[in-house]
Enquirer: 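A single structure is presented below for examination.
Lettering of chains follows the sequences in order, A, B, ..., and the numbering in each one begins at 1. These values consider heavy atoms only, across backbone and side chains, with no hydrogens, waters or symmetry-generated copies.
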Protein chains: 2
Amino acid sequence: MPARTPLDANAILAATEEILRRHGPDKATVVDVARTLGVSHAAVYKHFPSKQALREAVTRRWLDRSRDALAVIAADSAVPPAQRLRTWLHAVLAGKQAKIREDPELFAAYAILAAAHSGVATDHVTDLLGQLTAIVADGAADGSLPTDDAQATARVVFNATAKFHHLGHAAEWQNPGIVTELDEVCTLLLQGLHAPTSP
Amino acid sequence: MPARTPLDANAILAATEEILRRHGPDKATVVDVARTLGVSHAAVYKHFPSKQALREAVTRRWLDRSRDALAVIAADSAVPPAQRLRTWLHAVLAGKQAKIREDPELFAAYAILAAAHSGVATDHVTDLLGQLTAIVADGAADGSLPTDDAQATARVVFNATAKFHHLGHAAEWQNPGIVTELDEVCTLLLQGLHAPTSP
DNA sequence: CAGGTTACAAATTTTGACATCTGTTACCAG
DNA sequence: CTGGTAACAGATGTCAAAATTTGTAACCTG
């Protein structure tokens, strides 16, 4: 008895996300996912080699959505690099705040998954650092953010704003002053980046 | 049958620390602590109103030791404020790295306790912010770190260095490049702090 | 009466039998 | 031969009973 719908990987990922939202990461089973799709759990194993791989895939998809939304801001050459850097950092924070607000259960689930599969998380950091590097490189090109190593500079900025994007700080993002704090850090960093480098 | 040693609060805290080290925070019971001290567990309750209070006290003692070590650096007026700020931030990181290296079990236990009793943790942050504010104020006084609100500036610096002192980043402190990364962030922040403020 | 004891109720944790889940295999349909 | 099924063994999770721990009380003792 073949499934009515062809059951592609994407349908499995969507179903997994739904189960994750409803049951949380600890109690989300692949049997649940299969039941939602109306197939046996072995069918899911035809598409993903293990539960671990399925969870990684769903986490990656989640992170990739964030990455793509941010890429638009990073690439917006209409905005001067310094301001774009600030806007981008605010967008990183705002995106995560929005996800927490809209669906705290799912966010908590993904936070646990991202921490568990650190490879996926470090890949995502690499993606974000790439975007930040592009912004800094634009600033280096037009002279507004002088640096001879855009990648190193981007890494420093990323490290200095960890409080506003690292999941370990998620609880603090509820704090009403958090956006102001990010803005203050941005201002200080941009002041440092504008400053003429001593030879 | 009175205990051989008078059993003061400090002895209980030391015993609790030992139990914490051996059993971990989840399995450390006040019965264990009492057994270590050769008394009944009710005796412990003569000195601490609850297990919660005992755990808070032991956590506070641990954090206060760090605070006192750092206070020496913060108050060392022989070192110029800008350099002192850098040294102090390095000391915060180095102190935590040392504790992880020397006794990972105990560090993990304290990390969990500090997260649980958030009041103790926020008090500690307040202490550290006070030290940082003192350094910045010294810099404001001698003109090396121009600012009209030392406390606000200290808070910005603290936020920008969260990666190097917030317990949520403890795993990253094993990374060999971490000290260099802190140094780079310090350099950028100090560059921003030196820069003339626009009117 | 400060600081210890034993004894005890309520809350929590551990235990162990039982159920479910994971991952694999052998098999079937188009 | 891709994509499904059912049946299975071993790992993992669940749940109620039993044991332990928390916190209190009533009671000693120098």
Enquirer: Could you tell me if the side chain of B:Glu181 sits less than 4.5 Å from the side chain of B:Lys163, heavy atoms only?
Expert: yes

Enquirer: Which parts of nucleotides 6-11 of chain C does protein reach within less than 4.0 Å, heavy atoms only, written one letter per nucleotide 5' to 3' as B for base, S for sugar-phosphate only and - for none?
Expert: B-----

Enquirer: What is the distance from NE2 of A:His47 to P of D:dC1, rounded to the nearest Å?
Expert: 18 Å

Enquirer: Hey, is CG on A:Asp68 packed in by over 12 heavy atoms from elsewhere, all under 6.0 Å?
Expert: yes

Enquirer: Rounded to the nearest Å, what distance is computed from the OH atom of residue A:Tyr45 to the C1' atom of nucleotide C:dC27?
Expert: 20 Å

Enquirer: Is there a side-chain contact between A:Leu167 and A:Tyr110, using heavy atoms and a 4.5 Å cut-off?
Expert: no

Enquirer: Distance check needed: C:dT22 P versus A:Asp26 CG, whole Å only.
Expert: 12 Å

Enquirer: Tell me which nucleotide among D:dG23, C:dC21, D:dG3 gets nearest to the side chain of A:Asp32.
Expert: C:dC21

Enquirer: When we call it a touch if two heavy atoms are under 4.0 Å apart, what does B:Lys51 touch: a base, just sugar-phosphate, or nothing?
Expert: sugar-phosphate

Enquirer: Cut-off 3.5 Å, side chains only: do A:Thr187 and A:Arg86 have a donor facing an acceptor?
Expert: yes

Enquirer: Could you verify whether a donor N or O on one side chain and an acceptor N or O on the other, from A:His90 and A:Asp183, lie under 3.5 Å apart?
Expert: yes

Enquirer: Just to be sure I follow the notation: if a pair is Watson-Crick (purine N1 to pyrimidine N3 plus N6-O4 or O6-N4) or a G-U wobble (N1-O2 and O6-N3), each under 3.5 Å, what dot-bracket string does DNA chain D give, with | for pairs to another strand?
Expert: ||||||||||||||||||||||||||||||

Enquirer: Figure out the CZ/C1' separation between A:Arg55 and C:dC21, and round it to whole Å.
Expert: 12 Å

Enquirer: Give a yes or no on whether a salt bridge exists between A:Arg22 and A:Asp32, defined as a side-chain N under 4.0 angstrom from a carboxylate O.
Expert: no

Enquirer: Can you measure A:Leu54 atom CG to C:dG23 atom C1' for me and round it to whole angstrom units?
Expert: 13 Å

Enquirer: Atom NZ of B:Lys46 and atom P of D:dA25: how far apart are they, to the nearest Å?
Expert: 11 Å

Enquirer: Indicate yes or no: does B:Glu17 engage B:Arg65 in a salt bridge with an N to O separation below 4.0 Å.
Expert: yes

Enquirer: Rounding to an integer number of Å, can you tell me how far A:Leu37 CG sits from D:dT5 P?
Expert: 10 Å

Enquirer: Check whether B:Arg67 reaches the backbone of B:Leu128 with its side chain - one donor and one acceptor, N or O, closer than 3.5 Å.
Expert: no

Enquirer: Counting the benzene-type ring for Trp, do A:His117 and A:His124 have ring centres under 6.0 Å apart?
Expert: no

Enquirer: Please report, rounded to the nearest Å, how far the C1' atom of C:dA2 is from the CD1 atom of B:Ile12.
Expert: 13 Å

